[in-house]
K.L.:
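Once you've had a glance at the structure underneath, I'll fire off some questions.
Numbers restart at 1 for each chain; the letters A, B, ... are given by sequence-line order, proteins then strands. What you are looking at is a predicted structure, and each value in this text was computed from that prediction instead of being measured.
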Amino acid sequence: MEKEKFPREIIAMRVARELQDGDVVNLGIGIPTLCSQFVPEGRSVVYHSESGVVGYGPMAEPGEEDIDLINAGGQFLAPIPGMAFFNSVEGFAMIRGGHIDVTVLGALQVSERGDLANWMLPDRGIGNVGGAMDLAAGAKRVIVAMEHTDRNGNSKIVRECDFPLTAQECVSLIVTDVAVISVERNGLLLTEVAPGWTANDVQEITEAPLNASPYLAGFRL
Amino acid sequence: MEKEKFPREIIAMRVARELQDGDVVNLGIGIPTLCSQFVPEGRSVVYHSESGVVGYGPMAEPGEEDIDLINAGGQFLAPIPGMAFFNSVEGFAMIRGGHIDVTVLGALQVSERGDLANWMLPDRGIGNVGGAMDLAAGAKRVIVAMEHTDRNGNSKIVRECDFPLTAQECVSLIVTDVAVISVERNGLLLTEVAPGWTANDVQEITEAPLNASPYLAGFRL
Amino acid sequence: MNKIVPTFAEAVADIPDGATLMIDGFAGPGGTPQNLIRALRDHGARELTIISNTAGLASVIGFGTIPGDTPTDIGVLVENEQIRKVIASFPVSPSPSRPTAFERAYLEGKVDLEVVPQGTLAERIRAGGAGIPAFYTPTGVGTLMAEGREVREFDGREYLLETALKADFALLRADRADTLGNTLYKGTSRNFNGVMSTSADVVVMEVDEILEPGEIDAGAVHTPGLYVDRIVKIG
Amino acid sequence: MNKIVPTFAEAVADIPDGATLMIDGFAGPGGTPQNLIRALRDHGARELTIISNTAGLASVIGFGTIPGDTPTDIGVLVENEQIRKVIASFPVSPSPSRPTAFERAYLEGKVDLEVVPQGTLAERIRAGGAGIPAFYTPTGVGTLMAEGREVREFDGREYLLETALKADFALLRADRADTLGNTLYKGTSRNFNGVMSTSADVVVMEVDEILEPGEIDAGAVHTPGLYVDRIVKIG
């Protein structure tokens, strides 16, 4: 069977299944932003952005953009009933204070202990930390959504991050284009694989050692 | 000439002359509350209360009381244009952060270095600190308005406070029913006296040593 | 995700013995969740730690009270012997001749007390909700409040280290809330309500009016709904 | 006590060389005081330290910008060589192929940079305005941000000690202010405006509309007037 790598939308769809009814969720830039499209029916998720809004809805239609209504990625939002605005100190009090149930973030590297590196490429010598460190340290649950390997084929799931860290031991779940991996006390647990992939196939492109779950299955979508 | 002790209203009037146009002022309970009636014409003073309002006006008329519009003494205020409400953490951020130009407080004792004791009678074994310590530590200028002696005739202006302190070295001016005393680096400077009082008369009822100003005068009212 | 609870009794039914509660009230009835306090008295949970600005004043000295009214305050929980400890800035009556229920219980050794300056109390509660475990403040340096606390100098001035306060439940009073929990307080009754709403595991609000989402302007919301767990309509 | 200043030039005229300024802007033009930034460029004060979320992004990558618009950001102050140092959370372009003026100046060694996590930046500014000299935060533990910082454990978790930030001037953007300085921001443009307004010696606001006292509901005010020193109407 041909090994398939899922597109970004499927990564987002798989992550979206983790979001529970009533969860307050902060979505990072990139694949994480796509998650809101795939929340299972019947679940009502409350979106928080450190730009200063909670309870926001879909993106604004072209021509309806308002510079005073953006998310943390600079995208324009449509106004919906029930939103609340706040300033940056309040927005990060929510994050650091444990009021965000789930944050979904992209990553450059994740270590086997759940260390996250997602803010700086060492080669550039300068980086944008933004709200990443606050989210990684403060959200109740950190889910990483990313491609399994970088553009050169290097594993992004590593024994030790060599890129500058965002936070230590913060990631609880990693969803990639080929696997779903849970960060457990005794290491990484491979629980789901993309069509055509075996546990060994995933391990081959993963630097960190993986424990294959006895219940290893396909992506639960 | 007969020595006269001024009534509370004159103490408040004298303190009110210290309030400058545009000052943000927090008035304590008792004599300090009276100050707002005596602000010199042409000066606009902004009143702050840690109950959660800035820019408040006069007391509410009987029958117009609103339990949602009170000052920190529990008195009912009349609504006026330009007020702003805030919560307790914001109200004390204003105080601690140096945004209150003047606070006028009552006192049990003031020491020659400007230490203030105004929250607890040791005999009672329990006391209400309220916002007094925050105001004494945070306001840019602390003025004490009080009677010169307690009901037993003991000096309230002392070398060392023996009552529990509110804050150290915070008082800059003391206005009593017989004297105006400035707290200077080298001690207490007596600058004004009530009618019929000499510097020696005031010293006689004052435990802490006073330096008489060469410009000693009557109350500037 | 329904936050509306039909009765005050249901809203406090799972408060266990030994719980820590934040209860609003600057000192008067404005902002005090009188209905939730009465429900908690009827519920009967004991050995409670109460974090509040006062330990029950309005019912004794009429602070901020319309003449003739007899507001309920946490004094009823003291009288009902449900309280083990109070953390407050203004714990006793300003008038020694009219002591509160708390003061009598304290002097009899039945309850513990931690007196905290009001601004430090607000800031410690805020810290609990904002993920700040501790902070330095100039308030209380050189006073009884400094006992047992670290003193540290920054830029030549001394400060005390104060730690965060959190609670299992907060019982609060707002003017209006929408069904998502977005809340508006009225006037000076925002006081500790606006802070305690962020730092308890379960935040219970009694409100005069429940609105639909969108009826409160998004820019005017005082407490965003993500902080609020249970809403009970008064009357 | 007149806080209304007729021109942007007058509102920034006394900013000296070497001053520390807080300037709002989450990253896009919403909330950014574009007129005051241009006035500061024309004024020409140099050796400035700027505390801001970014170091000028919108003008390069169009963050939060209506397509076709060309917003002014603090990049113009970099290009005009007025800046000595920037304290920011998002100092460079997310796209290395489109570097900002700041990034070029930084790589040439012409400007200093302190990168601060966004929540820590907001909290440090708040601390500056709230009389808190320092606080502990979980953000940044075990990262480059911990370098040179005290690490301390509370209840079994590690935290970093962070100190307050203050400024000589804040240049801010609001939607409306009354003549007393009571201010309303619009939507997500409240961001750092709502914090920087509390922690600079001189707070300067550009606003779309100036109102009379009472036209803003007292319960809806975002920044009470006691924080605001100068107001300039746009247009």
Side-chain angles (χ1 to χ4, degrees), chain A residues 29-30 49-53 56 62-63 65-77 79 83 85-98 115-117 119-138 161 164-170, chain D residues 26-32 53-54 57-58 61-67 69 71 88-94 96 103 106-107 113 115-123 125-126 137-145 158 175 185-198 222-223:
Chain A
I29 299 172
S49 173
E50 66 269 30
S51 61
V53 57
Y56 67 83
E65 298 94 345
D66 175 356
I67 62 168
D68 299 313
L69 186 48
I70 61 169
N71 68 17
Q75 295 169 303
F76 296 106
L77 303 173
M83 292 190 301
F85 299 124
F86 41 79
N87 69 32
S88 296
V89 81
E90 292 164 0
F92 282 95
M94 293 171 185
I95 291 172
R96 231 183 11 243
D115 295 346
L116 172 67
W119 74 280
M120 186 179 178
L121 288 163
D123 287 352
R124 195 169 177 198
I126 186 170
N128 286 322
V129 62
M133 286 192 183
D134 301 284
L135 282 162
C161 296
L165 287 191
T166 305
Q168 295 174 315
E169 301 184 21
C170 60
Chain D
F26 182 79
T32 299
N53 191 38
T54 79
L57 260 191
I61 64 155
F63 187 103
T65 303
I66 306 288
D69 282 2
S89 88
F90 212 89
V92 295
S93 170
E103 184 167 357
Y106 176 75
L107 294 175
L113 170 64
V115 179
V116 180
Q118 195 170 124
T120 300
L121 182 64
E123 190 72 13
I125 295 168
R126 186 226 173 230
T137 177
T139 302
V141 170
T143 75
L144 292 176
M145 301 302 159
E158 289 187 335
D175 185 38
Y185 308 102
K186 199 171 164 200
T188 51
S189 293
R190 197 185 311 179
N191 57 69
F192 278 88
N193 282 303
V195 190
M196 292 173 169
S197 50
T198 67
H222 294 147
T223 296

K.L.:
Which one of D:Gly30, D:Ala122, D:Gly187 has the most heavy-atom pairs closer than 4.5 Å to chain A?
P.N.:
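Max contact count across the listed options: D:Gly187.
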K.L.:
Of all the heavy-atom pairs spanning D:Pro138 and A:Ala137, show the shortest one and how long it is.
P.N.:
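D:Pro138 and A:Ala137 have their closest heavy atoms at O-CB, 3.9 Å.
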K.L.:
side-chain hydrogen bond (donor to acceptor under 3.5 Å, both in side chains) with A:Glu65: which residues, sequence neighbours excluded?
P.N.:
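With sequence neighbours excluded, A:Glu65 shows a side-chain hydrogen bond (donor to acceptor under 3.5 Å, both in side chains) to no residue whatsoever.
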K.L.:
Among D:Gly62, D:Pro71, D:Pro96, who wins on heavy-atom pairs under 4.5 Å with chain A?
P.N.:
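Of the candidates given, the most pairs with chain A belong to D:Pro96.
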K.L.:
Checking side chain to side chain contact (heavy atoms under 4.5 Å, CB included) for the pair A:Met120/D:Leu144: CA distance, chi angles, key distance, verdict?
P.N.:
CA-CA 11 Å; A:Met120 186 179 178; D:Leu144 292 176; 4.2 Å; yes
K.L.:
Considering only heavy atoms, which portion of A:Ile95 lies under 4.5 Å from any heavy atom of chain D: side chain, backbone, both, or neither?
P.N.:
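Neither part, no heavy atoms under 4.5 Å.
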K.L.:
Pick from A:Gly52, A:Gly130, A:Pro79, A:Gly74: which one has the most heavy-atom pairs with chain D under 4.5 Å?
P.N.:
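Winner by heavy-atom pair count: A:Gly130.
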K.L.:
Let's test your reading of the structure: which of A:Val129, A:Val89, A:Asp68 forms the most heavy-atom pairs below 4.5 Å with chain D?
P.N.:
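With the most close heavy-atom pairs to chain D, the winner is A:Asp68.
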K.L.:
Write down the atom of D:Gln118, the atom of A:Asp134, and the distance for their closest heavy-atom approach.
P.N.:
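Looking at all heavy atoms of both residues, the closest pair is N-OD2, 3.5 Å.
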K.L.:
For residues A:Ala72 and D:Phe63, report the shortest heavy-atom separation together with the two atoms involved.
P.N.:
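Scanning both residues completely, I find the closest heavy atoms to be O-CZ, 3.4 Å.
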K.L.:
With a 4.5 angstrom heavy-atom cut-off, is it the side chain or the backbone of D:Tyr106 that approaches chain A, or both, or neither?
P.N.:
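Looking at D:Tyr106, just its side chain touches chain A.
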K.L.:
Just by modelled atom types, is the D:Val92 backbone N or O under 3.5 Å from a matching donor or acceptor in the A:Asn128 side chain?
P.N.:
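Pair found, side chain donor or acceptor close to backbone of D:Val92.
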K.L.:
Nearest 0.5 Å, please: how far is OG in A:Ser88 from CE in D:Met196?
P.N.:
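Reported value, rounded in 0.5 Å steps: 8.0 Å.
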K.L.:
Checking heavy atoms, do the side chain of A:Glu50, its backbone, both or neither come under 4.5 Å from chain D?
P.N.:
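Contact with chain D involves both backbone and side-chain atoms of A:Glu50.
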K.L.:
Can you tell which part of A:Met83 gets under 4.5 Å to a heavy atom of chain D, answering side chain, backbone, both or neither?
P.N.:
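No part of it gets close to chain D.
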K.L.:
Side chain, backbone, both or neither: which part of A:Thr166 has a heavy atom under 4.5 Å from chain D?
P.N.:
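Backbone only.
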K.L.:
Run the numbers on A:Glu90 and D:Arg126 for salt bridge (charged side-chain N to carboxylate O under 4.0 Å, His left out), then give the verdict.
P.N.:
CA-CA 10 Å; A:Glu90 292 164 0; D:Arg126 186 226 173 230; over 6 Å; no
K.L.:
Heavy-atom distances under 4.5 Å only: say whether D:Leu121 touches chain A with side chain, backbone, both or neither.
P.N.:
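Answer is neither: D:Leu121 stays 4.5 Å or more from chain A.
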K.L.:
Below 4.5 Å, heavy-atom pairs only: which of A:Trp119, A:Phe86, A:Tyr56 has the largest tally toward chain D?
P.N.:
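Going by pairs under 4.5 Å, I would pick A:Phe86.
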K.L.:
Evaluate A:Asn87 against D:Asn193 for side chain to side chain contact (heavy atoms under 4.5 Å, CB included), listing each step before the verdict.
P.N.:
CA-CA 7 Å; A:Asn87 69 32; D:Asn193 282 303; over 6 Å; no
K.L.:
Check whether D:Phe26 gets within reach of chain A through its side chain, its backbone, both or neither, counting any heavy atom under 4.5 Å.
P.N.:
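Contact with chain A: side chain only.
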K.L.:
Taking all non-hydrogen atoms of both residues, which atom of A:Met133 and which atom of D:Pro117 are closest, and how far apart?
P.N.:
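For A:Met133 versus D:Pro117, the nearest heavy atoms are SD-CG, 3.8 Å.
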K.L.:
Using the side-chain contact (heavy atoms from CB on, under 4.5 Å) definition, which of the options D:Ile66, D:Thr188, D:Thr65 pairs with A:Ile67?
P.N.:
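The side-chain contact (heavy atoms from CB on, under 4.5 Å) with A:Ile67 is passed solely by D:Ile66 among D:Ile66, D:Thr188, D:Thr65.
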K.L.:
One pair to check against side chain to side chain contact (heavy atoms under 4.5 Å, CB included): D:Asn191 and A:Phe85. What are the steps and the verdict?
P.N.:
CA-CA 9 Å; D:Asn191 57 69; A:Phe85 299 124; over 6 Å; no
K.L.:
Mind ranking D:Gly142, D:Ser189, D:Gly119, D:Pro91 by heavy-atom pairs under 4.5 Å with chain A and telling me who comes out on top?
P.N.:
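Sorted descending by pairs with chain A, the first entry is D:Gly119.
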